[in-house]
Amino acid sequence: AARFAVKVDLVVIGAGQAGLSSAYHLHRLGFAPDRDFVVLDRAPAPGGAWQFRWPSLTLATVNRVHDLPGMRFDEIVGTESETVQASVAVPRYYAAYEERYDLRVHRPVKVSVVCDRGERLRVETDAGAFSARGIVNATGTWETPYIPEYPGADSFRGRQLHTRDYRTADAFRGQHVVVVGGGISAIQLLDEISQATTTTWVTRREPQFREGPFTEEFGRRIVAMVEDRVRQGLPPGSVASNTGSLPLTPAVRAMRERGALNRLPMFSEITETGIRWADGTEQRADVILWCTGFRSSLDHLAPLQLREEGGGITMTGRLATQVARDPRIHLVGYGPSASTIGANRAGGAAAPELTQYLEMSPAEIR
Ligand code: FAD
């Protein structure tokens, strides 16, 4: 027999930028936290995935953390504090935000699985079950690091790490580190590690560097491209794989000058002691650091069978947050909204669309 489940209209899963924005918009439409919707988050404290970012990622080295709706970031974290760790500043901002808008995030509560029960969706967690009419899923990507498969990976006697395991370059002193990946994180970690020890940098494609920061126009083009993909039911692809170029920052120029930006093509296999290319060349290594990105953390939705054959989820709705196969489910912070600004907007689209679809009426007019 099914265990008792708490009945609620909506469950918001995740309290990063996307979940908080969604909760804010639901609240503003007149729906009350803990009565009409609950917000669940598996992390121990406010901050979404930002609380886990490596210590050297500061407000100066992140791209930009966009303000959540209704409250400015620099109200909480002064604009002068460029050297403040992102893992400190963003959680502080989110904590203040949750408090100001009374969003009542339940944590740590991990959603293990969501099942279709006809009229309702059953949301199983490690703190009991919920029975909901709709779901705003805002679980981000941090829980799903992606490492491509290469022959020999199991035989490697050194350590294999992913971006999400990185803390400080000092940990690698005296070791040879292979950094894999051509995205912004790969470059930033290569920069730090190459100042502490010897490195080899490999990427699949020759990285293209571009003068100046992203223009807004460029950003819009990328988002439109990703939106188009998810509306067709294709996997979104990462921003990096869609932009195809990296900003030529002063740090990158300095790396070039000290010879740390010597890119090699991808190796073809991993050996017990390092890596080997197709032509037989070998490089000894103590550490392989995979800066190869993340996938959307959606495993808990697997029983709902939202995916198409090609692995994507067909999205619809004003900002493509609504799942076409099951309109009771919105994915925010997914695909075109996988950025702090996109997550904000996605919450603003998902809240009215989902509550209208379920014909929920706010307390004021009940
Ligand atoms: P998250 O912040 O990951 O929040 C998801 C939340 O869901 C987490 O709190 C997690 O605990 C919770 N959760 C996950 N699974 C479950 C579950 N099963 N049950 C319950 N809770 C769950 N974007 C920018 O716009 N600017 C930047 O400068 C920038 N820098 C970045 C730097 C790095 C290194 C990385 C990896 C990403 C960066 N991004 C940046 C992208 C960034 O991740 C997003 O913009 C945004 O913060 C993601 O918000 P989110 O709410 O979707 O996800």
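The model shown is predicted, which means the values in this text are computed figures rather than measured ones. FYI, the numbering just counts along the sequence from 1. Whatever order the structure lists ligands and atoms in, that order sets their numbers, starting from 1.
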Seminar exercise, completed: Taking only non-hydrogen atoms of G140 and a 4.0 Å limit, the atoms of ligand 1 in range are 3 (O), 5 (C), 52 (O), 53 (O)

For this session: Write out the residue and atom name of the closest protein heavy atom to atom 4 (O) of ligand 1, then the distance separating them to 0.1 Å.
Result: G16 CA, 3.5 Å

Exercise. Hey, is ligand 1 close enough to T141 that some N/O pair sits below 3.5 Å?
Worked result: no

Problem set entry | Note: R253-E257 ion pair, threshold 4.0 Å (strictly below) | no

Problem set entry | Side chain proximity check, Q85 to P55, heavy atoms < 4.5 angstrom | yes

Problem set entry | Under 3.5 Å: donor-acceptor pair, side chain of T321, backbone of G347 | no

Seminar exercise, completed: Looking only at protein heavy atoms, what sits closest to atom 31 (C) of ligand 1 is W50 CH2, 3.8 Å

For this session: Determine, for R231 against D228, whether the closest basic-nitrogen to carboxylate-oxygen distance falls under 4.0 angstrom.
Result: no

Seminar exercise, completed: Min over H300, R42, Q17, R53 of heavy-atom distance to atom 36 (C) of ligand 1 lands on R53

Seminar exercise, completed: Closest heavy-atom approach to atom 20 (C) of ligand 1 among T139, L298, V90, V109 is made by V109

For this session: Check whether any side-chain heavy atom of P108 sits under 4.5 Å from a side-chain heavy atom of D41, and report yes or no.
Result: no

Exercise. Is E308 salt-bridged to R325, going by a charged N under 4.0 Å from an acidic O?
Worked result: yes

Exercise. Which ligand 1 atoms are under 4.0 Å away from a heavy-atom of A43?
Worked result: 11 (O)

Exercise. Heavy-atom contact under 4.0 Å between K110 and ligand 1?
Worked result: yes

For this session: Might you check, step by step, whether the distance between atom 14 (C) of ligand 1 and some protein heavy atom is under 4.0 Å?
Result: yes

Problem set entry | Contact check: T340 vs ligand 1, nitrogen or oxygen atoms, below 3.5 angstrom | yes

For this session: May I ask you to check if ligand 1 and W54 share an N or O to N or O distance below 3.5 Å?
Result: no

Problem set entry | Cationic N near anionic O, under 4.0 Å, D9 to R133 | yes

For this session: Could you check atom 12 (C) of ligand 1 against the protein and tell me its nearest heavy-atom contact, residue, atom and distance included?
Result: D41 OD2, 3.5 Å

For this session: Would you indicate which of A18, S337, G14, A86 comes nearest to atom 51 (O) of ligand 1 when only heavy atoms are counted?
Result: A18

Exercise. Purely on distance, is any nitrogen or oxygen of V111 under 3.5 Å from one on ligand 1?
Worked result: yes

For this session: For the pair D116 and R328, find out whether any cationic side-chain nitrogen is under 4.0 Å from an anionic carboxylate oxygen.
Result: yes

For this session: Give a yes or no on this: more than 12 heavy atoms of other residues, nucleotides or ligands lie within 6.0 Å of atom CD of E282.
Result: yes

Problem set entry | ligand 1 contact on A138 by region, counting heavy-atom pairs under 4.0 Å | backbone

Problem set entry | Sub-3.5 Å N/O-N/O distance, W142 and ligand 1 | no

Exercise. Do L298 and L121 share a hydrophobic cluster (ILVMFWY, side-chain heavy atoms under 4.5 Å, transitive)?
Worked result: yes

Exercise. Looking only at distance, does N63 have an N or O less than 3.5 Å from an N or O of ligand 1?
Worked result: yes

For this session: Please work out which of the three classes, parallel, tilted or perpendicular, describes the rings of Y166 and W54, given edges at 30° and 60°.
Result: perpendicular

For this session: If you have a sec, work out which protein heavy atom is nearest atom 27 (C) of ligand 1 and how many Å separate them, to one decimal?
Result: R64 O, 3.5 Å

Exercise. Got a salt bridge between R157 and D286, using NZ or NE/NH1/NH2 to carboxylate O under 4.0 Å?
Worked result: no

Exercise. Is A49 in polar range of ligand 1, meaning some N or O pair under 3.5 Å apart?
Worked result: yes

